[in-house]
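This report concerns only the one structure given below.
A, B, ... follow the sequence lines: proteins, then strands. Residue 1 opens every chain. Everything numeric here is computed off the predicted structure, so don't read it as measured data.
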Amino acid sequence: MPVDTMKLISGMDKLSSVPVVYAELDEAIRNMRVSSSHISAIISKDTGLTARLLRIVNSAFYSFPRKIDTISRAVIIVGTQQLRDLALATSIISSFKDIPEDHVTVESFWKHSIACGIAARCIAGYFKEPNIERYFVAGILHDIGRIILITKAPEAAEQIFQASARSGKPLFVEERELLGYDHASIGGELIRLWQLPRCYEEIIGFHHQPKQADLFKLETSVIHVADAIAHAMGLGNSGETGVPPIYEEAWTATGLSIDLLPYIMDTVEKQYHDSVNGFIFN
Amino acid sequence: MPKLFVEDLAPDMVLEKPITDQYGLILFQQGMVLSERTINTLRMWGVSEVSIETASISESAPPATVIDPAVIAEAQVITEALFRNAGTRGGIFTRELMRHVAHRIAKQRTEELSNAG
């Protein structure tokens, strides 16, 4: 029962307001003359988004000594690009709330994505990446194709879950077997439809085969490693019951010492509990 | 012959067995008295559990968590199952991730058991 990828994501552009806020903020940021008050005006139009962003910037994500109580302060302290990316991350989570929950709940799905995003963000912090929030966004988005599969092609998804339970193979392997493509490539297509930056398309599309990434090999490798850490720590559940195949080269690509791994895991644990309780499901 | 987590070690505890790295090279001799500095070194080498002489534990504060070998074995079985599709065990990232995960599971289980009892 092959289903066409384009058919799966058709209508997703109209259905979602996700790219709209991002595009508006992105355009404002690209326009160099724009002031921080203009940026905060765009964000403040959406009261839900404003509240979520303030919770994030006051969480263990940043551990600022003082409370940030307005968006205009957050723009100054956190940065415009960072705030734009955090806005994207929380908008995605809050716009996918209704999925059939036979094999995975919405909450556990997003918990896994958040854990992956936090791990990626933490790893990126170690190599002095100026904007680590885009890694958080990539983590949030990495399995988005699975949500689409479950929502738009529930019968195929059911077959895939059953086949994986029988064979013990990872879901993405069974997806390729049945459909000829996997949740990663569905996610990549959606990113393209949404016209988000090219890096996300590549990271999400190749997060199970970081070797195939071209322009964004480092970013893709980081998400691959972060996904493994999130699965290994058992934080959330994307439907997959174990750690997917690991490409060691992805860790090597980060250039980090393996001694950092326990520190990364400690940070993930701490920020994960603070974020899922604090700003995600509130 | 209790095994302790590195984070539960305290100065003046005495090593019951020599500590070796993954290639069998001896890092610290049996009978060595631990100090803050040697505990830090153990941490940096990624050693997670250490055998300590029982007598030296009771004399040192704070009271440490003792891990039951059965709990360690159970944690290793759970970790193996979790990583069944992960592929190569030879790579340093996979190996270290598994080791830390097993350690976390064992620690959590030990805490659960001590809270229950």
| task | Side-chain contact test, heavy atoms from C-beta onward, threshold under 4.5 Å: evaluate it for V243(A) versus M98(B) and give yes or no. | result | no

| If every non-hydrogen atom of R84(B) is compared with every non-hydrogen atom of G168(A), which pair is closest and at what distance? | NE-O, 3.9 Å

| Considering only heavy atoms, which portion of A250(A) lies under 4.5 Å from any heavy atom of chain B: side chain, backbone, both, or neither? | neither

| With chain B, which of V173(A), I229(A), T252(A), D259(A) has the greatest number of heavy-atom pairs at distances under 4.5 Å? | I229(A)

| What pair of heavy atoms forms the shortest contact from L261(A) to H100(B), and how long is it? | CD2-CD2, 3.9 Å

| request: Examine whether an atom of P262(A) lies under 4.5 Å from a heavy atom of chain B, and if so say whether it belongs to the side chain, the backbone or both; otherwise answer neither. | output: both

| message | Between V225(A) and chain B, with a heavy-atom cut-off of 4.5 Å, which part of the residue counts as in contact: side chain, backbone, both or neither? | response | both

| message | I need the minimum non-hydrogen distance between I258(A) and F93(B), along with the two atoms involved. | response | CD1-CA, 3.8 Å

| Least distance between heavy atoms, R104(B) atom then D266(A) atom | NH2-OD1, 2.5 Å

| Can you tell me how far the CD atom of E248(A) sits from the CD1 atom of I92(B), to the nearest 0.5 Å? | 8.0 Å

| message | Please give me the minimum heavy-atom distance between I246(A) and L97(B), naming the atom from each residue. | response | CD1-CD2, 4.4 Å

| note | Here the pair of heavy atoms bringing L82(B) nearest to T241(A) is CD1-O, 4.1 Å

